[in-house]
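Worksheet: the structure to be examined is printed underneath.
Order of the sequence lines sets the chain letters (A, B, ...), proteins ahead of strands, with each chain counted from 1.
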Amino acid sequence: MSIYDTLNKEQKEAVLTTEGPLLLLAGAGSGKTRVLTHRIAYLIDQMGVNPWNILAITFTNKAAGEMRERVDQIVGFGADQVWVSTFHSTCVRILRRYIDKLGYDNHFTIYDTDDQKSIIKDVCKRQMIDTKTLKERSVLSAISSAKNELLSPTEYELQAMGDFQKKKIAACYKEYQRELKKSNALDFDDLLVMTVELLKSCPEVLNQYQERFRYIMVDEYQDTNTAQFELIRLLADKYRNLCVVGDDDQSIYKFRGANIRNILDYEKVYPEAKVIKLEQNYRSTGNILDVANAVIRNNRGRKEKTLWTAKEQGSRIHFRQFDNGYEEAEYISDDIAALVRKGQAHYGDCAILYRTNAQSRALEERLVVDGMPYKVVGGINFYARREIKDILAYLKTIDNGRDDLAVKRIINVPKRGIGNATLDKIQSYADMRGITFYQALEQMDQITSLGRAASKLEPFVKMIQVFKAKAKYYGIVDMIHEIMDTIDYGAYLQDLDDDDANDRMENVEEFLNRAVFYEQTHDEISLSEFLEEIALVADIDSLENGADRIVLMTLHSAKGLEFPCVYLAGMEDGLFPSYMCISSDDPGDLEEERRLAYVGITRAQEELTLTCARSRMIRGENQYNPVSRFVQEIPRELMDNTPPQTRAMEPGDFRPKAILRPRVTPKENKPYIAQGIGGLNKIAGITKGDSMETLGELEYREGDRVRHLKYGEGTVLQIAKEPRDYKVTVTFEKAGQKIMYASFAKLKKV
DNA sequence: TTTTACTTCGTTTTT
DNA sequence: CGAAGTAAAA
């Protein structure tokens with residue numbers, strides 16, 4: 001009995017088909033990850049393939065991590081040699097080695113969305129673009145789409161002939177790209193574009209990677225865009241051992257450039273391709289599957305397949321309509337509480353999915369009131385938070401002085417009296433000389449126009465130089481401490497907004513934890529590498545498996561996950577499907593939305609509940625929406641409740657009730673912190689289940705002698721109780737007086 | 001240069 | 001409604 005005997009017929013065939021192009025049409029829950037990992041094992045153990053020659057590509061770090069783990073479990077020897085990674089990390093690894101061939105410095109930085117925005121803002125200003133008619137966001141998304149389609153600025157310009165608007169965008173694209181290059185920076189899309197360009201222009205590099213990656217596997221193939229497709233095609237061109245796995249019914253990233261044709265036309269590009277369909281679902285009950293099939297059936301232009309299950313029919317799915325979003329939230333919260341009470345589920349078995357991130361708020365508020373443990377995935381990215389970005393900008397400046405944006409961000413943080421006027425003077429000097437902003441700073445005595453401002457700049461430059469020198473032998477954690485102490489960041493945060501200071505400090509602490517984790521898990525500590533790993537994290541990556549908490553996330557984030565109990569909230573026409581795509585003239589938009597519904601439904605293993613509200617607060621006003629058309633597509637006999645027919649709104653249909661419920665913001669009263677990214681939900685010294693308000697006792701009092709890791713010994717001058725932490729003032733022998741947070745400072749009584 | 005008060009605008013979805 | 005950006009005042 002081998003590990004391969006546990007596979008069904010189709011799965012087994014997929015595993016044994018090792019040579020040539022292979023398209024795996026894997027329906028939801030059909031065990032595709034299992035097939036992929038077993039296929040890798042089979043290649044290594046049975047076919048004698050060198051693990052070194054295998055590449056497995058996923059979209060998120062989480063997926064990559066899981067695959068890595070499972071491969072490790074079943075492959076006897078050499079599993080760590082298999083290259084398992086995301087598209088973006090793969091590209092970064094290649095570019096770090098060879099991007100100099102494209103005229104970039106191998107030490108490039110990666111710009112995130114915020115960075116992109118500030119660049120494009122500048123560019124638009126210089127191009128004299130009226131941002132009322134042509135918004136920066138649209139320019140940016142046009143550039144992104146162009147890159148996804150591998151269109152260079154010049155090619156885009158050619159295409160724009162005669163189109164006034166497009167010509168403007170083309171000009172922006174060109175200048176935007178020039179700016180990025182000047183800062184030796186790449187945006188997310190560039191990572192792919194540049195890698196493709198590199199492989200196309202350097203045959204010897206291409207050949208090297210073709211030889212290395214003789215067996216290639218791509219997960220979630222339906223979500224690949226043209227650039228990703230081209231990258232894969234190039235790499236696989238020599239040996240043609242390309243196995244792609246995907247489900248056209250789960251293609252939900254068109255807005256991000258995903259090209260559904262990549263999967264639909266796979267057989268045209270690879271005529272010799274073998275196609276295997278995995279249609280047996282191991283995840284959901286028969287009823288849930290029937291619901292999913294009934295909904296997706298309404299889409300045209302899909303590869304025909306019908307999921308089936310050997311599982312029992314299970315209970316009917318649930319449908320409930322409420323007067324407003326608050327009652328919807330209350331119901332879901334109560335329902336989960338009841339399940340848990342009856343012992344039918346754990347919190348961690350339950351997921352609440354919604355269309356837009358904004359919907360999480362009402363749900364969160366309710367869960368907080370009811371004291372339910374939960375965790376929100378998504379929203380504002382952890383690394384996009386102000387306090388984290390500040391520290392990151394310091395690190396980037398120290399690591400790579402060419403990152404103008406980072407330097408400009410921190411030059412007046414904390415306030416040094418350096419304003420826009422000064423910045424502009426330095427920038428124009430830099431432009432004149434063709435040097436970077438930081439280089440201009442270093443030679444500021446040459447900039448005569450600066451006048452008195454120079455005296456404010458000098459200490460800043462000195463400080464960075466000291467940091468740079470220390471960075472040579474300091475670890476990352478030490479470096480962060482050093483920065484924070486030098487600029488007295490805690491005081492700065494408090495000055496900024498006393499209410500938020502605590503939250504922000506917690507985030508900083510979590511950031512430090514990650515730095516510690518990085519140092520512990522890497523033999524060679526490199527600041528650049530650390531910054532790079534951070535740049536490529538997605539929200540979903542943080543979702544840890546073990547925690548017993550209700551998970552809240554968007555339908556998009558939920559792809560690839562499964563839960564015993566799933567709640568789909570906000571099933572209303574206008575919200576889901578969104579108003580945007582109902583009014584769109586492209587019927588494909590609605591189909592994509594329907595696929596999203598399909599993804600949502602197929603996340604459920606046992607119980608599925610659909611909820612909606614008659615009225616809902618959106619953008620500060622009440623909206624009245626009918627029940628989602630996707631609910632109407634579900635046969636009545638599969639539901640425990642009959643949804644009201646969708647019909648046009650008439651006056652007097654709804655009686656909007658005054659909502660008396662006091663609004664509680666999660667911020668003031670949160671048993672579990674709900675923040676963008678996982679792992680965040682711990683506060684030092686407070687274990688899960690504790691309420692934040694029950695502040696632990698401190699082991700020292702005013703007047704006691706204490707020891708600090710960095711400052712050494714001192715005397716506690718004052719302890720002030722704050723909502724979630726103690727603020728301790730200590731006079732240190734060596735370092736002098738410092739004000740710090742107890743949970744952060746980790747003071748020890750002596 | 002910094003702070004404050006007022007206006008505007010947005011919601012899909014994110015590696 | 002709330003965040004974020006802009007104009008005016010200090």
Short side-chain to backbone donor-acceptor contact, Q250(A) and K559(A), under 3.5 Å
no
Distance flag, aromatic centroids of Y489(A) and Y492(A), threshold under 6.0 Å: yes
- Task: Would you kindly check whether a donor in the side chain of H88(A) faces an acceptor in the base of dT15(B), or vice versa, at under 3.5 angstrom?
- Result: yes
message = Please classify the nucleic acid contact of F59(A) as base, sugar-phosphate, or nothing, using heavy-atom distances under 4.0 Å.
response = sugar-phosphate
Notebook entry, point to check: Any salt bridge between R361(A) and E364(A), counting N to O under 4.0 Å?
Noted result: no
Is any side-chain nitrogen or oxygen of N225(A) closer than 4.0 Å to OP1 or OP2 of dT15(B)? no
Here the distance between atom P of dT6(C) and atom CG of N420(A), to the nearest Å, is 11 Å
What I want to find out is whether D323(A) reaches R614(A) closely enough, with some N-O distance under 4.0 Å, to be called a salt bridge. yes
Which atom pairs link the protein and nucleotides 9-11 of chain B when you take only N or O atoms and keep those under 3.5 Å?
unit_1, atom_1, unit_2, atom_2, d
dT11(B), OP2, R137(A), NH1, 2.1

Winner on side-chain proximity to M617(A), out of dT15(B), dC1(C), dT6(C), is dC1(C)
| said: Counting only side-chain nitrogens and oxygens, does T422(A) get under 4.0 Å of the OP1 or OP2 atom of dT1(B)? | reply: yes
| What do you reckon, do F255(A) and the base of dT13(B) stack, with centroid distance below 5.5 Å and planes below 30°? | yes
Across the strands shown, which category fits N412(A) at heavy-atom distances under 4.0 angstrom: base, sugar-phosphate, nothing?
sugar-phosphate
Margin query: What's D223(A) touching, base or sugar-phosphate or nothing? Going by heavy atoms closer than 4.0 Å.
Written below: nothing
R616(A) atom CZ is separated from dC1(C) atom C1', nearest whole Å, by 15 Å
Practice item. Check every strand shown and say whether K415(A) touches a base, only sugar-phosphate, or nothing at a heavy-atom separation below 4.0 Å. Key: sugar-phosphate
Whole-Å distance, F229(A) CZ to dT15(B) P, equals 24 Å
Dot-bracket assigned to DNA chain B with the 3.5 Å Watson-Crick/G-U criterion, [ ] for crossing and | for other-strand pairs, is ||||||||||.....
Task: Under-4.0 Å side-chain N/O to phosphate OP1/OP2 contact, K456(A) with dT1(B) - done: no
Between K32(A) and E220(A), is the closest basic N to carboxylate O distance under 4.0 Å? yes
- Mind checking whether F213(A) and W83(A) have parallel, tilted or perpendicular rings, split at 30° and 60°? perpendicular
CG of L441(A) to OH of Y429(A), rounded to nearest 0.5 Å, is 11.0 Å
I260(A) CD1 to dT13(B) P, in whole Å, measures 21 Å
Side-chain N or O of S578(A) closer than 4.0 Å to phosphate OP1/OP2 of dT13(B) | no
